[in-house]
Amino acid sequence: MSPRELPIYELEGAVIETVRGCGRLIVQAPTGSGKSTQIPQMLWRHGVLGEKGEVVVLQPRRLAARLLAKRVAEEAGTNLGEGVGYQIRLESRISERTRIRFVTEGILLRQMSFDPGLPGVSAIVFDEFHERHLYGDISLARALQLQQSTRPDLKIIVMSATLDAGALKNYLAPCEVLTSQGRSFPVAIEYWSKPVNFEHEPVWEVAAEACERVAESTTGDMLVFMPGGYEIARTVQAIQGARGLRGFVCFPLHGELPPEQQDRAVARYEARKIIVSTNVAETSLTIDGVTAVIDSGLARIARFDPHRGINTLLVEKISAASADQRAGRAGRTAPGIAVRLWTEREHGQRALQELPEVKRLDLAEVVLTLKASGVDDVANFPWLEKPEAKGLDRAEELLADLGALAGERRAISELGRKMLRFPMHPRYARMFLAAQERGCVRPVALMAALTQGRNFLLRGVGKDVERAREDLLGEEHESDFFLLMRAWRFAEKNNFSLDACRRLGIHAQAARQVGPLFEQFLQIAGDEGLDIAEGRIDGVEVRKCVLAGFSDQLAKRLDGGTLRCELVHQRRGVLARESAVQKAPLLVAAEINEVGGRGGEVNVLLALATAVEEAWLKEIFPDDFKDTRGVSYDESIRRVVSRRERRFRDLVLETKVSSDEAPLDAAAALLTKEVLAGRLKLEAWDEAVEQWITRVNRLAEWFPELEVNPVTPADRATLIEQVCYGELGYRDIKDKPVMPVLRDWLTAEQLAVIDLYLPERLTMANGRRSKITYHDEGSPVLSARIQELYGIEGKFTVGNGRVPVKIEVLAPNQRPIQVTDDLTAFWRDMYPKVKAELSRRYPRHEWR
DNA sequence: GAGCACTGC
């Protein structure tokens, strides 16, 4: 088909006329109308661009920018990079003669920051504007400002498939709206007849049922939308178990999947295919041959909570517009059908559009660019949609904290201007500047590069991969950044070979993109006069840089037995279990994410952690401590806290208490003695950790005479805890260079725990929710003891016993004896007994 | 036995 036959050509005359006339235009046209390829060419052909001017076409994705440029270059009969070119991060195919330039959103925003007048640009086309990305919104606002001030000749065209044109039209007024038809096939929408509660009826089962139903009435492939990897895996399982879907092949598809598996999902097959996918298939990836879409109506949606200063990623209901976009995927090659797993009535209650990013994400970076362009009062910037006041506040607060803003008006500082040169979140830009002072620009550049794109160190890998990582990358306790660095170096050394990468669970494609970014950052750092020479890397200095960028994400471990942490500003979180920093009492988390669990509970996860030391705070933020010389520690902290209410409150004071006086160690040891003597049930430890700490603190206070130093207090308490919680098995101890006395002591303690623990747990296990877990390596001590006590032969392991505690046993006849239960319920029953026992033993205290 | 969508400078 000739491009001239595309529906958009019906609008050619009107487009040119409007653009010439008022200079602002909204084009509303669905996929397949040809707007992205043809409108830029129309502008060029009709001389709208003037003698030498160019049209910049904004694209939300790199791939789209590249592909569109290629196609338009062909159509226009020029070489790519000559008349038509593209520019994305780290890749530029343009020349002096380029008249149509496809760019991604960040490129234009940066060009606006450093060359605000946009010389040579005659027109800007905002494509796929309905996606409402942060940079798109800001760029449009700035383009309008520019047109109203020094560049009245600048043409602005906003294009979108679905759009609330009313609000946009007012924003752009005076402007015209032109509407065109698309070239896709009709898609019949079917709603579920009755409401489904996914808590009772899992979404994957309903989806599989829908697939079976649709399989008979259609002939093409099917695409199922699910919110994430877990739901996708369950859906694939359900589909593979469904009778009516035996002839189908079924593939998962999501962003973290290795490329070869993604290819497998997209490939063509003889058999009919079902793809179960996340939102990647909604916009970023098109799949041919799909004639039926099954839509769960759910997605994991990222937000930034400006009140707590943390990111959230929770499952939510998608908007009507998003559902339409998903449905449209069934009509690309033939008429199709879309089944929605919700009722028509429920549909009417859904949001029309997704909330734009500007109302949803961390604004620190864009606020910095606005400040740089002289917008001191960001609240009164002409936003298309104004972000929450708290979001702007939070952004300014962080920037001020990082030193990028200064004075009462919070105008950009010299430091802020320097930070702006670095194309990344201001936190990382700040780390570069700290790195210059500490002689570690290179490693910081690598760290920034490592965290820019997709996470390349895959999570949830198997035991083998974990072991390979340990073997090949070595032990790491100080920072997850260091582990990432080593993993990347490994991949680089192996030329990003798929085999080598797979062995360590490295996403080769994602890792490959780090190198060029690293080079770019070094280049920029060099241009800014930073010292980028290679040298010996001092880990301490690097970690101090992390603290400089993330001081407000300082966290303290609440105890040694769990991963729970307390953060600055009265926040709580749980350290990621895959973190390398499992021992440090004080750490900085570069990523904080609230995510939903399978049971519907929500966790704040602290990831990308770096161990830090309290003494560094004073060194890195000397201003906060400057008039505290010669006063006591507590007094100096008090002064700092009153000056900087937010930053170090509570946290530092508490760290001091626990490191200097160690009441927890003493109390943990005391409680352990109670457990071992049979007076206190181990489970009593397992309720909320806060309560536990309160209790043990009180115990320590009451029994100062207690002696707890046979090895070292910290080691001892931690070890007791770990053994009792089952985090440490015999295997963990036997290879460690601990003193023989410690080894004996631990073995004895383990035995005691089993004696106390196992009989009761076994009887409780019957009929409770239980799962079978296979452990290839058991503890010989446990095995021997269990055999002696119960006559069961096999490999036994005290399972990973964060709350709740459990013991897993696999007998040689493959019959599992698995113990897991809800200790909260158990504790409710147990606590009065413990209390009675403690009251009997320690009558002088009142137990609560 | 868990805890994570997608882009982009």
Side-chain angles (χ1 to χ4, degrees), chain A residues 58-65 87-91 103-114 128 131-136 138-139 225-232 253-256 277-285 298-303 311-316 318 322 354 357 361 365-366 368-369 420-426 428-429 448-449 452-455 458-460 513 517 520-521 524 563 573-579 591-599 601-607 769-775 799-804 806 808 818 820:
Chain A
L58 217 57
Q59 286 297 326
R61 276 164 289 279
R62 295 180 192 161
L63 188 67
Q87 209 176 356
I88 60 182
R89 184 173 215 168
L90 304 175
E91 208 177 307
V103 304
T104 38
E105 291 164 327
I107 297 272
L108 180 66
L109 191 64
R110 292 197 74 73
Q111 194 185 346
M112 284 177 151
S113 289
F114 298 117
E128 310 280 358
E131 293 190 21
R132 297 297 305 276
H133 289 178
L134 189 49
Y135 292 174
I138 303 282
S139 306
F225 282 102
M226 283 287 154
Y230 173 67
E231 293 84 358
I232 287 174
L253 178 64
H254 55 88
E256 261 208 4
S277 173
T278 58
N279 261 350
V280 263
E282 186 180 312
T283 48
S284 310
L285 227 146
L298 303 173
R300 282 199 167 73
I301 300 199
R303 296 173 189 278
N311 293 309
T312 63
L313 184 63
L314 302 170
V315 175
E316 297 183 25
I318 60 169
S322 177
E354 235 58 67
E357 281 187 357
L361 300 183
E365 198 177 349
V366 294
L368 186 63
T369 68
L420 194 70
R421 305 303 304 194
F422 295 88
M424 57 191 70
H425 193 283
Y428 285 95
Q452 281 283 317
R454 160 165 292 138
N455 170 31
L458 300 177
R459 284 173 287 109
Q513 286 163 7
L517 216 49
Q520 187 202 25
F521 291 167
I524 292 168
L563 294 168
V574 188
L575 181 63
R577 9 167 210 279
E578 71 272 12
S579 175
E591 272 174 18
I592 306 180
N593 261 312
E594 185 172 63
V595 297
R598 280 156 209 193
E601 80 283 6
V602 165
N603 282 313
V604 176
L605 297 179
L606 310 182
R769 66 193 166 96
S770 63
K771 281 262 162 74
I772 303 160
T773 312
Y774 175 65
H775 287 267
N800 176 348
R802 280 183 283 275
V803 190
K806 68 159 193 275
E808 294 163 348
Q818 153 74 36
T820 304

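Predicted, not measured: the structure shown is a model, and the values here were computed from it. By convention in this document, chain letters (A, B, ...) are assigned in the order of the sequence lines, proteins followed by strands, and residues within each chain are numbered from 1.
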J.: OP1, OP2 of dT7(B) versus side-chain N and O of Arg454(A): anything below 4.0 Å?
T.: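 It does, given that an N or O in the side chain of Arg454(A) lies less than 4.0 Å from OP1 or OP2 of dT7(B).
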J.: Can you tell me the distance, in whole Å, between the CD atom of Glu591(A) and the P atom of dG3(B)?
T.: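 From Glu591(A) CD to dG3(B) P: 18 Å.
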J.: Between P on dG3(B) and CG on Asn455(A), what's the gap in Å once rounded to a whole number?
T.: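 Result: 18 Å.
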J.: Measure from the side-chain heavy atoms of Arg62(A) and tell me the nearest of dC4(B), dC6(B), dG8(B).
T.: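 Nearest listed nucleotide: dG8(B).
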J.: Write down the distance between CZ (Arg303(A)) and C1' (dC6(B)), rounded to a whole number of angstrom.
T.: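 To the nearest whole Å, that distance equals 14 Å.
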J.: When we call it a touch if two heavy atoms are under 4.0 Å apart, what does Ile301(A) touch: a base, just sugar-phosphate, or nothing?
T.: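 Touches nothing.
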J.: Side chain of Thr104(A) only, heavy atoms from C-beta on: which candidate in dT7(B), dC9(B), dG3(B) is closest?
T.: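 Looking only at heavy atoms from C-beta outward on Thr104(A), the closest nucleotide is dC9(B).
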J.: Rounded to whole angstrom units, what separation is found between the CD atom of Glu128(A) and the P atom of dG8(B)?
T.: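 Rounded to whole Å, this separation is 13 Å.
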J.: Answer with yes or no whether Glu578(A) presents, from its side chain, a donor or acceptor under 3.5 Å of a partner atom in the base of dC4(B).
T.: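 Check passes, donor-acceptor contact within cut-off.
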J.: Under 4.0 Å, heavy atoms only, any strand: does Arg89(A) hit a base, just the sugar-phosphate, or nothing?
T.: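 Result for Arg89(A) = base.
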J.: Would you say dC9(B) has OP1 or OP2 under 4.0 Å from some side-chain N or O of Arg110(A)?
T.: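 Answer is no, no contact under 4.0 Å.
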J.: With sequence neighbours left out, write down each residue that passes side chain to side chain contact (heavy atoms under 4.5 Å, CB included) with Leu361(A), or none if nothing qualifies.
T.: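 Per chain and number, Leu361(A) pairs via side chain to side chain contact (heavy atoms under 4.5 Å, CB included) with Glu357(A).
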J.: Let me know the distance between CZ of Phe521(A) and P of dC9(B), rounded to the nearest Å.
T.: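 Spelled out: CZ on Phe521(A) to P on dC9(B) is 10 Å.
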J.: Using a 4.0 Å heavy-atom cut-off across all strands, classify Glu594(A) as base, sugar-phosphate, or nothing.
T.: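 Touches nothing.
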J.: In whole angstrom, what separates Leu298(A)'s CG from dC6(B)'s P?
T.: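 In whole Å, dC6(B) P and Leu298(A) CG are 15 Å from each other.
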J.: In whole angstrom, what separates Glu105(A)'s CD from dC6(B)'s C1'?
T.: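 Atom CD in Glu105(A) sits about 13 Å away from atom C1' in dC6(B).
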J.: Taking for each residue the nucleotide of DNA chain B bearing the nearest heavy atom, is the 5' side occupied by Gln520(A) or by Leu253(A)?
T.: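 Nearest-nucleotide comparison on DNA chain B picks Leu253(A).
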J.: Between dG3(B), dC9(B), dC6(B), which one does the side chain of Ser284(A) approach most closely?
T.: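 Closest nucleotide to the Ser284(A) side chain: dC6(B).
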J.: Starting at the 5' end of DNA chain B and moving along, which residue's nearest nucleotide shows up first, Leu361(A) or Ile88(A)?
T.: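 With Leu361(A) and Ile88(A) compared, the 5'-side residue is Leu361(A).
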J.: With heavy atoms under 4.0 Å as the rule, sort Ala576(A) into base, sugar-phosphate or nothing.
T.: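 If one applies the 4.0 Å heavy-atom cut-off, Ala576(A) turns out to touch a base.
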J.: First locate atom OG1 of Thr312(A), then atom CD1 of Ile301(A), and finally report the distance between them rounded to the nearest 0.5 Å.
T.: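 Between atom OG1 of Thr312(A) and atom CD1 of Ile301(A) there are 9.5 Å.
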J.: Please classify the nucleic acid contact of Leu605(A) as base, sugar-phosphate, or nothing, using heavy-atom distances under 4.0 Å.
T.: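 If one applies the 4.0 Å heavy-atom cut-off, Leu605(A) turns out to touch a base.
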J.: Would you mind classifying the nucleic acid contact of Asn593(A) as base, sugar-phosphate or nothing, using non-hydrogen atoms under 4.0 angstrom?
T.: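 The residue Asn593(A) makes no contact with any strand.
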J.: Starting at atom CZ of Arg577(A), determine the distance to atom P of dC4(B), rounded to an integer number of angstrom.
T.: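 Going from CZ in Arg577(A) over to P in dC4(B) covers 8 Å.
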J.: Ignoring backbone atoms, establish whether Thr278(A) has a side-chain N or O less than 4.0 Å from OP1 or OP2 of dC6(B).
T.: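 Checking Thr278(A) against dC6(B): at least one side-chain N or O falls below 4.0 Å of OP1 or OP2.
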J.: Kindly give the heavy-atom pair with the smallest separation between Ile232(A) and Ser277(A), and that separation in Å.
T.: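 Reported closest heavy-atom pair: CD1-C, 3.7 Å.
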J.: Is NZ or CZ of Arg421(A) both nearer than 6.0 Å to the six-membered ring centre of Phe114(A) and within 45° of the ring axis?
T.: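 Geometry flag: set, cation within 6.0 Å and 45°.
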J.: For a quick check of understanding: with a heavy-atom distance under 4.0 Å over all strands, which category does Ala302(A) fall into, base, sugar-phosphate or nothing?
T.: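 Counting heavy atoms under 4.0 Å across all strands, the contact made by Ala302(A) includes a base.
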J.: Look at all strands and tell whether Gly229(A) reaches a base, only sugar-phosphate, or nothing, counting heavy atoms closer than 4.0 Å.
T.: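 Since only primed, P, OP1 and OP2 atoms lie under 4.0 Å of Gly229(A), the category is sugar-phosphate.
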J.: Which of the following nucleotides, dG8(B), dA5(B), dG3(B), is nearest to the side chain of Leu313(A)?
T.: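 Minimum distance to the Leu313(A) side chain belongs to dA5(B).
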J.: Need one value for Leu314(A): base, sugar-phosphate or nothing, where a base atom within 4.0 Å counts as base even if backbone is also close, heavy atoms only.
T.: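 The residue Leu314(A) makes no contact with any strand.
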J.: Looking across every strand, which nucleic acid part, if any, lies under 4.0 Å from His254(A) by heavy atom: base, sugar-phosphate, or nothing?
T.: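 Touches sugar-phosphate only.
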J.: Any chance the side chains of Ser139(A) and Glu105(A) put a donor and an acceptor closer than 3.5 Å?
T.: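 Distance-only check fails for Ser139(A) and Glu105(A).
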J.: Considering residues at least two apart in sequence or located in another chain, which fulfil the salt bridge (Lys or Arg N to Asp or Glu O under 4.0 Å) criterion with Arg89(A)?
T.: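 Arg89(A) satisfies salt bridge (Lys or Arg N to Asp or Glu O under 4.0 Å) with no residue once adjacent residues are dropped.
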J.: Over all heavy atoms of both residues, which pair between Pro60(A) and His133(A) is shortest? Give the atoms and the distance, please.
T.: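 Heavy atoms of Pro60(A) and His133(A) come nearest at CB-CE1, 3.5 Å.
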